[in-house]
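What follows is a set of notes on a single structure, which appears directly below.
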Amino acid sequence: MNKVKGYIFDYGGTLDTGGCHWGKMLWHAWEQAEMPVTEQQFRQAYVQVERRLGRENIIQPDYTFHKTLETKVMMEMAEMGLEDHSGITNAQIVSPLYNAVLRHTTHSREVLQQLPQPKVLVSNFYGNMSTVLQEFDLDPLFLQVVESAVVGIRKPDPRIFLLGVEALGLTPGDVLVVGDSIAKDILPAKEAGCQTAWLRGEQWTDDPVDEEAADYVFDDLSEIITI
């Protein structure tokens with residue numbers, strides 16, 4: 001295996017949750033808030049909201065992550081017919097989630113600062129990735145951001161990883177792609193010719209995961225320093 005000369009990092013589920021799928025992060029927050037909704041109802045609402053956010057320009061480029069999270073939670077509530085409970089969203093759902101993200105992004109920043117190689121971010125996001133990176137003081141750590149809403153290519157299309165490789169000025173075999181999703185990060189990155197590292201965490205489904213698809217498997221982002 002080639003020496004790693006540069007990195008491509010995923011954002012959502014990797015740098016901001018430590019490997020936990022965002023659907024699960026949100027569901028656990030709904031559970032803890034003891035909202036009158038089943039997991040199946042939430043899952044359907046989550047999927048519908050994400051599809052709508054992908055189609056419509058609801059999230060604006062200047063939206064912070066906090067505002068993005070508020071927007072998503074309110075949309076999920078509307079999808080489930082829970083508008084009467086909207087008064088508790090910030091205190092019981094948004095704030096705990098945002099505080100968790102602050103902890104994860106602080107840890108991620110500390111790890112990334114220890115990697116001297118150049119780094120690029122490749123993410124399926126809503127068009128406000130640069131604002132979010134500034135919010136968490138992550139923006140100085142990346143040479144470039146390749147965001148699906150901006151470039152018009154979404155994971156799992158391998159071409160989005162090749163854009164990241166191009167931004168690094170390296171060959172695919174010299175680049176390590178780090179992400180939390182086997183399907184959206186690891187497999188397409190391998191198809192693009194990159195090395196891969198899977199950050200193992202709570203997945204969206206209980207379906208079996210082929211861990212051997214990744215060259216490296218981590219339970220904490222700090223383990224990447226050992227490569």
Side-chain angles (χ1 to χ4, degrees), residues 1-25 65 100-101 103-125 129-130 132-133 136-148 151 153-204 209-227:
M1 199 169 295
N2 294 356
K3 179 180 179 181
V4 175
K5 297 180 181 178
Y7 292 90
I8 290 175
F9 282 90
D10 169 54
Y11 176 75
T14 299
L15 299 183
D16 61 352
T17 72
C20 182
H21 188 283
W22 255 106
K24 284 293 188 178
M25 288 283 289
F65 185 75
V101 169
R103 292 192 297 271
H104 283 296
T105 52
T106 296
H107 177 58
S108 295
R109 183 171 61 251
E110 293 169 351
V111 173
L112 293 175
Q113 288 171 336
Q114 297 181 62
L115 300 175
Q117 298 91 336
K119 294 167 281 292
V120 163
L121 193 79
V122 172
S123 177
N124 283 353
F125 218 68
M129 191 76 263
S130 293
V132 171
L133 291 177
F136 297 124
D137 196 26
L138 292 169
D139 54 311
L141 300 173
F142 295 101
L143 290 177
Q144 190 169 316
V145 175
V146 180
E147 183 179 4
S148 61
V151 301
I153 305 172
R154 291 181 61 84
K155 303 174 187 178
D157 191 327
R159 293 179 298 164
I160 197 168
F161 291 103
L162 290 175
L163 290 176
V165 171
E166 181 180 352
L168 287 167
L170 299 170
T171 60
D174 293 329
V175 175
L176 180 66
V177 173
V178 183
D180 68 299
S181 172
I182 293 290
K184 292 184 177 180
D185 296 313
I186 303 307
L187 294 179
K190 291 282 282 188
E191 187 175 341
C194 300
Q195 300 181 54
T196 57
W198 180 46
L199 180 59
R200 179 168 47 196
E202 189 173 7
Q203 303 295 294
W204 178 233
V209 175
D210 181 13
E211 299 187 11
E212 294 184 0
D215 297 309
Y216 305 96
V217 178
F218 301 132
D219 294 305
D220 187 279
L221 194 66
S222 61
E223 297 173 57
I224 198 171
I225 298 170
T226 62
I227 298 180

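Values in this document were obtained by computation on a predicted structure and should not be read as measured data.
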Please report the shortest heavy-atom distance between [X] and [Y], naming the atom on each side.
{"X": "Leu221", "Y": "Ser108", "value": "CD2-OG, 3.7 Å"}
{"X": "Thr171", "Y": "Val175", "value": "O-CG2, 3.6 Å"}
{"X": "Lys5", "Y": "Pro118", "value": "O-CD, 3.2 Å"}
{"X": "Ala197", "Y": "Phe218", "value": "CB-CE1, 3.6 Å"}

> Taking C-beta and beyond as the side chain, do Val165 and Cys194 meet within less than 4.5 Å on heavy atoms?
Replying inline: yes

>> For Trp198 and Asp215, which I'm curious about, is there any donor-acceptor pair between the side chains at under 3.5 Å?
In response: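 No, Asp215 and Trp198 have no side-chain donor paired with an acceptor closer than 3.5 Å.
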
> Do Asp180 and Thr14 have a side chain donor and acceptor closer than 3.5 Å?
Replying inline: yes

>> Applying side chain to side chain contact (heavy atoms under 4.5 Å, CB included) to Leu121 and Leu133, what does each step give before you reach the verdict?
In response: CA-CA 10 Å; Leu121 193 79; Leu133 291 177; 3.8 Å; yes

> What residues form a ring pair (Phe, Tyr, Trp, His ring centres under 6.0 Å) with Trp204, not counting sequence neighbours?
Replying inline: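 Applying ring pair (Phe, Tyr, Trp, His ring centres under 6.0 Å) to Trp204 gives His21, Tyr46.
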
>> I'd like to check the side chain to side chain contact (heavy atoms under 4.5 Å, CB included) partners of Arg109; sequence neighbours left out, ordered by chain and number.
In response: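 With sequence neighbours excluded, Arg109 shows a side chain to side chain contact (heavy atoms under 4.5 Å, CB included) to Thr106, Gln113, Asp137, Leu138, Leu141, given in chain and number order.
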
> Roughly how far, to the nearest 0.5 Å, is the CZ atom of Phe161 from the NZ atom of Lys190?
Replying inline: 13.0 Å

> Picking from Phe136, Phe125, Phe142, what satisfies ring pair (Phe, Tyr, Trp, His ring centres under 6.0 Å) with Tyr11?
Replying inline: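 The single option meeting the ring pair (Phe, Tyr, Trp, His ring centres under 6.0 Å) with Tyr11 is Phe125.
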
>> Strictly below 4.0 Å, N to O, side chains only: are Lys184 and Asp10 in salt-bridge contact?
In response: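 So Lys184 does not pair with Asp10 through a salt bridge.
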
> Would you call Lys155 and Asp185 a salt bridge, taking side-chain N to carboxylate O under 4.0 Å as the test?
Replying inline: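 Salt bridge flag = yes for Asp185 with Lys155.
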
